[in-house]
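Here the structure comes first, spelled out in structure tokens, and everything after it is commentary.
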Amino acid sequence: MAITKTDFIEFSKCPRFVALERVNKDHLDADVSYEDYKKREYQLALEELLASMFEIDDNGESIDHINTKNNQLEAMMDYYKKVEEEAGKIIEKMFPGKTVYALETKNQESFDCSYHGLKFLCYVDIYNESEGKINIIEVKATTSKKYVNLQGGYPKQEKYSIFKKENNIHYLKEYIKDYPLEEEMPWNTYEKLKSKLQNRFGIGSYIYDLAVQRFIIEQEYISSHNEKKLNDINYYLAVLNADYIFDGIYENNEAIYNKDQNGNELITLFDMNHLTKELMPNIQKDADFIYDALKNSNAAPCPLGEYCQFKKQTCCKFFKPICGASIPKKNSSLHYLHNGQGFKDEEGEKHKGLQLINEGYLNLLDIPESWVKNENHLIQRNCYQNDEIYVNYEKIKKGIEQLEYPIYHLDFETFPCPIPRFKGEKPFTQSPFEFSLHIETSPGKCDLKKDNIIFLAESTEDEREKLIKTLLSAVNPNKGTLFAQNVAFEKSRIKELAEIFVEYQKPLMALYKRGFDLLWLVNNNQKMYEELGFKEDVKTVNYYHKNLSGSYSIKKTLPIFSSLTYENLEVKNGTEAIIEYANYNKMSKEELALKQEALRIYCRQDTWAMVEILNALRILSTERQKNLANVV
């Protein structure tokens with residue numbers, strides 16, 4: 001049988017995976033064709049791409065609510081392939097000599113080895129022979145930011161990255177000759193930051209991927225008695241340069257990614273020679289682990305852990321249906337608000353995350369009451385235990401009083417493309433292609449259709465300026481309130497547009513400064529309520545209902561305050577909106593018209609949902625006032 005790189009990564013996660021995979025399908029008993037290999041790599045690449053495209057909020061929920069992966073999502077892979085293509089072009093410029101990279105053919109360089117009678121196999125994204133050296137380059141559609149932002153320093157002094165960039169290659173500073181590393185940060189700080197790169201289930205996942213390739217390559221050379229060649233191989237990670245700004249140059253309607261005005265390339269490299277070498281003992285242990293798992297094939301339950309990738313886009317496919325099936329979907333022990341630190345028991349020992357599930361604390365009430373100290377957790381627990389609703393009427397009332405009319409209920413739909421498409425954009429810029437705006441001129445005065453303005457790009461061409469003009473023609477940026485759920489997202493898009501289209505900067509930034517978040521009324525905004533004179537309850541939530549189950553996402557808040565639902569819509573969430581937009585050019589004229597109308601209806605509902613929730617909160621606070629007046 002053959003173990004691909006993707007198989008290696010998945011099989012080595014936990015003792016149970018191999019046995020569950022064997023039950024799931026029988027490919028373990030066969031060799032693997034190139035087509036099978038690419039199919040598995042393709043799925044992993046898709047999951048990685050989605051992980052880069054979509055954020056996870058504080059409650060562990062995807063802001064764009066990716067619930068399923070379907071065939072339409074493969075539209076995203078066109079952009080991943082473009083990243084590989086651009087990486088190949090840049091490698092050819094950086095390293096003269098023979099360069100091999102391919103997108104759809106069998107021309108990629110491959111390596112295989114026999115280990116404990118198992119065949120391990122990998123294909124290399126980019127293979128380069130230059131000046132007597134072999135360069136192995138793994139391409140990932142993520143950005144350099146996550147690595148460069150590993151920064152440390154001395155107290156109250158400037159922070160420095162653990163990497164230094166030279167000739168478009170980032171090197172760990174400890175391996176740069178005579179680099180004054182300890183002048184920038186303490187050595188233990190550097191070591192702590194570097195250790196994050198060695199965590200295969202965190203920021204080090206791609207480095208682990210490359211290290212698996214190194215293991216297979218080295219085993220092939222060792223088995224052919226060519227160990228001396230190992231000293232002539234370099235290992236690099238190629239990622240998108242977070243600092244790259246596209247200048248908007250095209251040829252034959254294709255973007256040309258030359259160096260930007262600051263000398264940045266679209267793709268940048270990270271030297272991973274030392275890190276992957278340090279990981280070799282771990283990789284060998286994992287290879288032994290895979291051998292034992294295949295030999296014993298034990299499907300018995302094992303402790304849940306970091307390897308499950310719980311709450312991540314790359315979550316193990318067996319977690320939800322099998323390993324984590326016992327976790328309640330609502331009000332589990334994992335659903336306490338903002339509880340990343342977990343709970344301390346009477347001895348001061350912490351219990352958090354999946355550790356709670358392993359210890360048998362499944363439900364919200366399973367957590368011993370003596371462990372629950374946080375006021376918001378006590379509110380949450382009481383609401384669930386006694387089937388009560390918690391409302392801080394005064395905070396909600398005072399918060400609503402801060403709103404200035406007209407209220408502009410705004411929602412953007414954006415396309416977070418891995419590679420910049422339009423002038424001024426960076427990799428993964430959240431490029432707006434649609435907005436819905438409901439204008440509420442006075443309390444409760446807003447009509448679903450009459451007071452709604454929608455902009456939707458008619459094509460995948462650059463229509464950002466048209467979007468800006470439409471938005472500014474509908475609002476007075478010097479009056480009223482910019483209102484949204486997660487308003488920071490809308491504000492960020494406005495600021496980005498202001499930086500790119502400087503001629504509209506003044507009105508856009510005026511609108512930007514008028515932002516107000518719906519969640520400040522439902523959840524909390526400590527700073528705002530402190531300024532309004534609140535003291536004792538300044539840290540507590542304003543509203544809690546057991547159906548929130550520890551989350552203030554729109555899909556949880558809307559059913560509590562409104563009968564509005566997305567279930568009857570053709571486009572039901574942000575992911576589907578992105579996919580429909582990405583597929584514009586693949587649709588017939590008739591299909592495009594239908595999909596665009598579905599996009600308008602979906603986006604309109606997003607802003608109308610905010611209108612309804614705000615109105616429900618307004619009624620809630622005014623009814624309380626009436627009840628108090630009647631008592632008096």
Side-chain angles (χ1 to χ4, degrees), residues 57-61 65 328-339 343 362-369 371-403 409 443-444 483-486 516-526 528-529 532 534-567 608-632:
D57 68 15
D58 291 336
N59 300 308
E61 295 192 34
H65 311 307
K329 292 181 173 60
K330 293 182 179 179
N331 293 303
S332 77
S333 61
L334 304 176
H335 287 138
Y336 276 93
L337 288 161
H338 309 295
N339 195 34
F343 302 94
L362 301 180
N363 292 287
L364 188 142
L365 296 180
D366 288 344
I367 302 298
E369 195 167 357
W371 294 10
V372 184
K373 305 289 196 305
N374 182 284
E375 188 64 31
N376 283 325
H377 293 168
L378 290 170
I379 289 171
Q380 187 178 357
R381 188 183 181 99
N382 181 64
C383 288
Y384 180 67
Q385 189 169 24
N386 300 311
D387 197 18
E388 295 178 355
I389 299 174
Y390 174 84
V391 186
N392 190 319
Y393 295 96
E394 189 62 19
K395 284 179 72 179
I396 292 174
K397 176 178 174 292
K398 289 294 183 182
I400 290 175
E401 288 175 358
Q402 307 314 302
L403 297 172
H409 299 263
F483 194 79
Q485 178 150 340
N486 187 28
F516 193 102
D517 202 314
L518 172 60
L519 292 183
W520 297 350
L521 303 175
V522 186
N523 188 347
N524 195 18
N525 180 329
Q526 184 174 338
M528 180 180 78
Y529 287 109
L532 291 175
F534 289 87
K535 294 180 181 179
E536 291 183 2
D537 50 1
V538 75
K539 292 184 179 180
T540 57
V541 297
N542 296 350
Y543 183 96
Y544 194 80
H545 187 292
K546 67 177 184 180
N547 288 350
L548 289 172
S549 189
S551 169
Y552 285 93
S553 67
I554 191 71
K555 72 176 181 180
K556 294 290 180 64
T557 55
L558 185 58
I560 290 172
F561 296 107
S562 168
S563 60
L564 205 61
T565 177
Y566 286 79
E567 291 306 310
W608 186 246
M610 294 188 288
V611 174
E612 290 216 350
I613 293 173
L614 176 59
N615 200 44
L617 291 170
R618 188 185 290 116
I619 292 170
L620 188 69
S621 63
T622 54
E623 282 184 351
R624 172 68 169 180
Q625 286 179 288
K626 289 177 183 177
N627 292 337
L628 289 174
N630 290 334
V631 171
V632 175

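In this chain, numbering begins with 1 at the start of the sequence shown. Just the heavy atoms: all of them, side chains too, but no hydrogens, waters or symmetry mates, feed the values below.
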Rounded to the nearest 0.5 Å, how far does [atom2] of [Y] lie from [atom1] of [X]?
X: Arg381; Y: Leu378; atom1: CZ; atom2: CG; answer: 8.0 Å
X: Glu369; Y: Lys373; atom1: CD; atom2: NZ; answer: 10.0 Å
X: Leu620; Y: Tyr393; atom1: CG; atom2: OH; answer: 5.0 Å
X: Asn542; Y: Lys395; atom1: CG; atom2: NZ; answer: 4.0 Å
X: Gln485; Y: Leu614; atom1: CD; atom2: CG; answer: 11.5 Å
X: Trp520; Y: Leu403; atom1: CH2; atom2: CG; answer: 10.0 Å

Polar side-chain atom of [X] near backbone of [Y] as donor-acceptor pair, under 3.5 Å:
X: Ser562; Y: Leu558; result: no
X: Asn524; Y: Val538; result: yes
X: Tyr336; Y: Leu364; result: yes
X: Asn363; Y: Ser332; result: no

Inset, instruction - With the side chain counted from C-beta on, respond yes when Glu612 and Asn615 share a heavy-atom pair under 4.5 Å apart, and no when they do not. - result: no
Inset, instruction - Please examine the side chains of Phe516 and Met528, heavy atoms only from C-beta on, and report whether any two atoms are closer than 4.5 Å. - result: yes
Inset, instruction - Classify the ring geometry between Tyr552 and Tyr544 as parallel (under 30°), tilted (30 to 60°) or perpendicular (over 60°). - result: perpendicular
Inset, instruction - If the plane angle is over 60° it's perpendicular, under 30° parallel, otherwise tilted; pick one for Trp371 and Phe343. - result: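 Tilted: the ring planes of Trp371 and Phe343 meet at 30° to 60°.
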Inset, instruction - Run the numbers on Asn382 and Tyr390 for side-chain contact (heavy atoms from CB on, under 4.5 Å), then give the verdict. - result: CA-CA 9 Å; Asn382 181 64; Tyr390 174 84; over 6 Å; no
Hey, which of [options] is the one that makes side chain to side chain contact (heavy atoms under 4.5 Å, CB included) with [X]?
X: Ile613; options: Ile554, Leu564, Ile560, Leu519; answer: Ile554
X: Leu532; options: Gln402, Glu401, Glu394; answer: Gln402
X: Thr557; options: Asn547, Leu518, Asn523, Leu548; answer: Leu548
X: Gln380; options: Asn339, Asn374, Leu337; answer: Leu337

Legend entry - Steps toward side-chain contact (heavy atoms from CB on, under 4.5 Å) verdict (Asp366, Ser333): CA-CA 7 Å; Asp366 288 344; Ser333 61; 5.7 Å; no
Inset, instruction - For the residue pair Asp537 and Asn392, confirm or rule out a side-chain donor-acceptor distance under 3.5 Å. - result: yes
Inset, instruction - Please determine if Lys398 forms a cation-pi arrangement with Phe534, meaning its NZ or CZ atom is less than 6.0 Å from the six-membered ring centre and no more than 45° off the ring axis. - result: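 Cation-pi check for Lys398 and Phe534: fails.
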